[in-house]
Amino acid sequence: MGSSPNNNKKYPSLGKLNLPEIEKEILSFWKEQKIFEKSIENRQNAEPWVFFEGPPSANGMPGIHHVMSRTIKDIFGRYMTLNGKLVERKGGWDTHGLPVELQVEKKLGITKEDIGTKISIEEYNNACREDVLKYKDVWDELTERIGFWLDLDKPYITYTNEYIETIWYLLKQLFEKGYLYKGYTIQPYSPAAGTGLSSHELNQPGCYRDVKDTSVIAQFLLTENQQKIKLFGDKKVFALAWTTTPWTLPSNTALTIGGKINYALVKTVNPYVNEKINVLIAEDLLPKYFELVDKLSSEKTKKLQGIVLQKIKGIELIGLQYQQLMPFATPYETPENAFQIISGDFVTTSDGTGIVHTAPTFGADDARVAKLAGVPPMLVKNQQDELIPLVDKKGKFIEGLGFLSNKYVKNEFYTQTPPEKSVDVEIAIYLKEKGLAFKVEKYVHSYPHCWRTDKPVLYYPLESWFVKTTAVKQKLIANNQKINWKPKTTGEGRFGHWLQNLVDWNLSRSRYWGTPLPIWRTEDGKQSKCIGSISELSKEIDKSIEAGFMVKNPCTNANFDLHRPFIDHITLASEDGLRMHREPDLIDVWFDSGAMPYAQWHYPFDNKEKIQKNIAFPADFIAEGVDQTRGWFFTLHAISTLLFDQVAFKNVIANGLVLDKNGNKMSKRLGNAVDPFQTIEKYGADAVRWYMVNNSPPWDNLKFDLKGVEETLRKLFGTLHNTYSFFELYANIDGFDHSAKHISKKNRDTLDQWILSLLNTLIEEVMVHMENYDITNSTRAIQKFVIDDLSNWYIRLSRRKFWKGEFGDEKIAAFQTLHECLEKVCMLMSSFSPFYSDYLYMALTRNKNSVHLQNFPKCQLDIINKDLETKMALAQIYSSMVLGIRKKEKIKVRQPLAKIMIPVADKKTKELLLDVEGIIRAETNTKEVQVVDFQEAIFEQIAKPNFKKLGPKVGKNMKFVAQKIQEWEREDINKFNKEGKASVQLGDEEIEISSDDVEIVVKDIHGWKTESTGSHTVALDIHITENLRKEGDAREFVNKIQNLRKEIGLDVTDKIDIKFDTNESLALAINEFIDYISLEVLANSISQSFHKIESIELEVNGQSINVDIQKNK
RNA sequence: AGUCUCGUAGCUCAGUUGGUUAGAGCACUACACUGAUAAUGUAGGGGUCGGCGGUUCAAGUCCGCCCGAGACUACCA
């Protein structure tokens, strides 16, 4: 063994485990040595592995759930770097959007209405800009503290001109491809406030309120045509449809039925005009309205009498036409397609009639199904030649609608005293008089109200800009197939279904703080221009100056800001010299985040090749919460598919929520939110990180329990720390140096070979899991190895090797083995718990070479020995059972026993067992292990049917056959063992049972103490002979002396002299085993003193002994 | 309301293409070990596998319905 230059160095003693302290030490080491930067520089020429950081919004404090997603992201960045990839990790901030606006309004004590009056848009936006990165420092601190390696120095920020410029470029691409259009959509709208409301605003508490409205079931008279006559002959038929908003009836253009719902034609009487009529209604709802009879009579009944004339399937009704109920206006577009029955998926039979009054101008579902069926909305031309609905933006009916003209649709909208009868009531009366109302009643239902004015919200068609995502629906679906979703079901289910039911992306937001829509239009709306860059804007402004619309070009000013209000001041000139104004909308903030792959690099103005040559796009991996499925995941996917027909990300983990330990959502209000800083300060980031990914698969919700973090700290990190301390203690005593020449693996003993085999199996396992983006099973495998295999078995059984005997090859091999295991465990763990693994790695290697700059360990297949792993498993099983017997018999392990007997069925197992026989003996303190053929007569055997094998063979008769096999007697089993087959009589049939179909198991051994688990059985000879007793005494004596040594503070290596005085029997035992004892307790001499000695009294197996120990100088 | 996830011991989680004694850790109790020692080992109790129904010789596992928790989307005549 050659001496090494390092061999006078020592492995550092790490003291008590204090993870948070260690982490701070490592953090400053990383910072000083620029380890993160180096880990990227090292891979400069390597293949890139692309990661996108989904930008958080820094206007709120980070929570513990952010630790979750950031841990997942960090794990893969580090792992891929170790595997030789170049992983750039650019941070980013999401800075626009409603939450920012709301927070600023709260802070300033203003509402949206005050913008432009009490506060200018400029001041408002400045306030937003200041507020949005309020907690950036806190976020950066958390990012750093949890060890999330992310480039925080050059993050992308969505409000910068550069970022916005890329968005404009992308929007222009969409515009030119014809994917950007202006259209109507039905949105919640508050006429009282004169503004559209977002779903977010509508979900404010208290917005949905129970109100009592006049509801009407109206009668729609079917038009006579071929289809109608075919179905119903020449009978006059009314379709019944219910509404709680009668004011929408003049705007009705269709009736919607459910294709799968069954309907009935009922003969009955209109209760208001007492006229016999035939009505159409869902079959399920008949009992709700009718007393079904055979013949109408004048007798009084609780409900209306009705005769079912015929039943019709919903699908047959589609296409039927009807006469307009309130013919006050005609739809401008394709009026010939109006007033027909169409089908819709939303129709139910839980209320109403199963036929839904459909007014596409005032209902989102209505608009959707009408559009699908080609039915026009009720829009008419006004004097300005614009198409408008029958109700204006103040919530008032337009002119020319008879008695309805200029009346508010809801009485709440009147600023002065409202009329006695609301429009709804007036309409009900009108219909009653005409014999077109089947039922009118007050109805209580929940209806949304504006959170600012407290007045009802209308669903109203508003103009918006849309991205025509439906045009590429098939591509979106096809590209989604290429994405590896974790979990798979999120991709197929939630995301897949979402794509199947895709609607166009509503891009418009009527707000102030966000990316302005770069579209300028002439006043007549006939010409529009989409601007795709600042330079293009500047050129257009120059043209505008020429045309005399503008005086100065603000783009030349270095501080020019692309936000409102400045952008609104720009007027452009059309080709034929008309003024063009910017469309006042901002775009959906989700477009900001979906554009980050390009905008973070200011593509295509800079870094063109990063995108075009697929260097930084698409992402190999992203991870966010599952709540982003229809948010960021979708917008990334949509933009990349629309513009590049590519996926934006190849692999994605959609992680679940972090709940409190009781499974409730964390919230500041409830006070159950866990503070990430405090938690990390107490337990350490490594423990939190490990706990989070180890506890449950990331896509399940995590019930975050500090007890679990504590357990991780104690069990995993504590064990690892102890294992190292053990290594360090003895390695330093012997002057071991890991850099010295390695002893060939083949020349190491069984235990060493075994743990190395497991180590390499573990490496392989972790790699497979990680390739599969499965972090949970990776950590579980590592944890099992560290705790069960390395610490509980390898160290425990090898302990003696480390502190007994010479510093010879066997010992060196053991040190090398343990060192290698620890070193590679550090590498395996480093992605998950980057701090402690680095700390330990540097201690093990005795220098300052970070584990994060290493390569991931390779699995050495030739070291893996499955037979060895199997036999050690056998040793563990049998040892455990023997210890179980000792326990029951109350024989302590220190008392040697004579013999273990193990019955075995096959040769292979027998061979394997013989190889580990020594380990079993040592572990159980027995003199002999006898592995014997299980057919020996002393074994009592039973036959166990193998259901899996027998199942397909005997099928239905399984129960019977299994019963028969279990009833086999000794001779049946012997015969079966000999012949390898048997048969069972089943009626006339004889069923052949082969050796695979039955397992013969030893159940008991006569005259021995036995124990069995599964198919393993072991017997123990518990007879203690005189010799065994003596040896037991000797070992007990050693134990007592060792305790004494420790008690009196002797060093592990101190030599001693012993004098003792005791009874004859124990003295005999000690003298007989004097060599063994001397060796164990490092005694130079052990002598019996027949004179009373000054000593300590000990007790050995119930016998008193006086002992005097002197340290040998 | 729809879509998705989850429901197994007091707690946190495993449980292979369905195969007959449903596992592990924590906690609890008892014991053992005592040169890894503020560590460790062994044993024990603890389960109508959310409920009901179905398919099957056989269901924790497959199917249907329901209940509970959560998320997202939508908001209805």
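Not measured: the values here are computed from a predicted model. Below, chain A is the first sequence line, B the second, and so on; all start at residue 1.
- Taken from NE2 in H357(A) to CZ in F220(A), the straight-line distance is 6.5 Å, to the nearest 0.5 Å.
- Straight-line distance between the P atoms of rA58(B) and rU20(B): roughly 15 Å, to the nearest whole Å.
- Rounded to the nearest Å, the gap between the P atom of rA38(B) and that of rA22(B) is 40 Å.
- Between T490(A) and rC4(B) there is no side-chain polar atom (N or O) within less than 4.0 angstrom of OP1 or OP2.
- Other residues, nucleotides and ligands contribute more than 12 heavy atoms inside 6.0 Å of the NZ atom of K801(A).
- For N792(A) and rG41(B), the shortest distance from a side-chain N or O to OP1 or OP2 is below 4.0 Å.
- The ring-ring contact (aromatic ring centres under 6.0 Å, His included) check on W632(A) picks up nothing, with sequence neighbours excluded.
- With distances taken from any side-chain atom of K948(A) to the nucleotides rA36(B), rU12(B), rG19(B), the minimum falls on rG19(B).
- Comparing rA36(B), rU5(B), rU12(B) against the side chain of S791(A) picks out rA36(B) as the nearest.
- Nucleotides rG50(B) and rU16(B) have their P atoms positioned 14 Å apart, rounded to a whole Å.
- For F633(A) and rC4(B), the CZ to C1' distance is 14 Å, given to the nearest whole Å.
- Shown here is K707(A), whose NZ atom has no more than 12 heavy atoms of other residues, nucleotides or ligands within 6.0 Å.
- In this structure, N1039(A) reaches the sugar-phosphate backbone alone: every heavy-atom distance under 4.0 Å involves primed, P, OP1 or OP2 atoms, never a base.
- Of the two residues contacting RNA chain B, namely N946(A) and Y691(A), the nearest-nucleotide position lying further toward the 5' end is that of Y691(A).
- Side chains of R1035(A) and N925(A): a donor-acceptor N/O pair is present below 3.5 angstrom, by distance only.
- Side-chain N/O atoms of T719(A) and base N/O atoms of rA39(B) include no donor-acceptor pair closer than 3.5 Å.
- Nucleic acid contact class of S696(A) (heavy atoms, under 4.0 Å, all strands): sugar-phosphate only.
- Of the listed nucleotides (rA38(B), rC76(B), rU73(B)), rA38(B) has the atom at the smallest distance from the side chain of K16(A).
- For the P atom pair drawn from rG10(B) and rU48(B), the interatomic distance equals 7 Å after rounding to whole Å.
- A side chain to side chain contact (heavy atoms under 4.5 Å, CB included) with C821(A) is found for one member of T723(A), I755(A), V786(A) and no other, namely I755(A).
- Salt-bridge check for E1036(A) with K1040(A): passed, with a basic side-chain N closer than 4.0 Å to an acidic carboxylate O.
- Between R799(A) atom CZ and rU37(B) atom C1' there is a gap of 10 Å when expressed in whole angstrom units.
- Take the nearest nucleotide of RNA chain B for M958(A) and for D705(A): the residue whose nucleotide is more 5' is D705(A).
- Going from atom CG of D997(A) over to atom C1' of rG19(B) covers 13 Å, rounded to whole Å.
- Heavy-atom distances under 4.0 Å link RNA chain B to R780(A) of residues 774-790 of chain A, given in residue order.
- For W632(A) and rU73(B), the CH2 to P distance is 17 Å, given to the nearest whole Å.
- Here rG70(B) is the nucleotide among rC76(B), rG19(B), rG70(B) with the atom lying nearest to any side-chain atom of N701(A).
- To the nearest whole angstrom, the two C1' atoms, one in rC49(B) and one in rA9(B), are 10 Å apart.
- Between Y189(A) atom OH and rC75(B) atom C1' there is a gap of 21 Å when expressed in whole angstrom units.
- Paired regions of RNA chain B, where each region holds three or more successive Watson-Crick or G-U pairs whose two hydrogen-bonding distances fall under 3.5 Å, are B:1-7 with B:67-73, B:10-13 with B:23-26, B:28-32 with B:40-44, B:50-54 with B:62-66.
- One can place CG of N722(A) at 10 Å from C1' of rA38(B), the figure rounded to the nearest angstrom.
- Remark: the separation of the P atoms in rG60(B) and rA71(B) is 31 Å, to the nearest Å.
- In this view, T214(A) and K442(A) satisfy the side chain to side chain donor-acceptor pair (under 3.5 Å) rule, not counting sequence neighbours.
- For an aromatic pair to be called close, the ring centres must be under 6.0 Å apart, and Y691(A) with F704(A) satisfies this.
- Formation of a donor-acceptor pair under 3.5 Å by the T358(A) side chain with backbone atoms of V356(A) is found in this model.
- Listed candidates were rG70(B), rU21(B), rA71(B). Nearest to the side chain of K944(A) is rU21(B).
- In terms of heavy atoms, G354(A) sits closest to A282(A) at CA-CB, 3.9 Å.
- Between K703(A) and rU12(B) there is a side-chain N or O to OP1 or OP2 distance below 4.0 Å.
- Here rA71(B) presents its C1' atom at 15 Å from CG of L702(A), a figure rounded to the nearest Å.
- In this structure, the ring-ring contact (aromatic ring centres under 6.0 Å, His included) partners of Y443(A), at least two apart in sequence or on a different chain, are W242(A), H445(A).
- For W498(A) and F633(A), the distance between ring centers is not under 6.0 angstrom.
- Straight-line distance between the P atoms of rA14(B) and rG25(B): roughly 16 Å, to the nearest whole Å.
- Contact annotation for D700(A): backbone-only contact, meaning every heavy-atom pair under 4.0 Å involves sugar-phosphate atoms and none involves a base.
- At the heavy-atom level, I795(A) lies under 4.0 Å from base atoms of the strands shown.
- Contact check, N695(A) against rC13(B): a side-chain N or O comes under 4.0 Å of OP1 or OP2.
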Could you list, one pair per line, each protein nitrogen or oxygen that sits under 3.5 Å from a nitrogen or oxygen of nucleotides 23-26 of chain B, together with the distance?
residue : atom : partner : partner atom : Å
rG25(B) : O3'  : K715(A) : NZ           : 3.3
rG25(B) : O2'  : E711(A) : OE2          : 2.8
rC26(B) : OP1  : K715(A) : NZ           : 2.8
rC26(B) : O4'  : E711(A) : OE1          : 3.4

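- Using a 4.0 Å cut-off, no side-chain N or O of Y724(A) falls inside it from OP1 or OP2 of rA36(B).
- Rounded to an integer number of Å, the gap from CG of N655(A) to C1' of rC6(B) is 15 Å.
- Within 4.0 Å (heavy atoms only), P246(A) reaches no atom of the nucleic acid at all.
- By the 4.5 Å heavy-atom criterion applied to side chains, I885(A) and V1018(A) are counted as neighbours.
- Using C1' as the reference atom, rG47(B) and rC13(B) are 15 Å apart when rounded to the nearest Å.
- For Y189(A) and Y460(A), the ring centers are positioned less than 6.0 Å apart.
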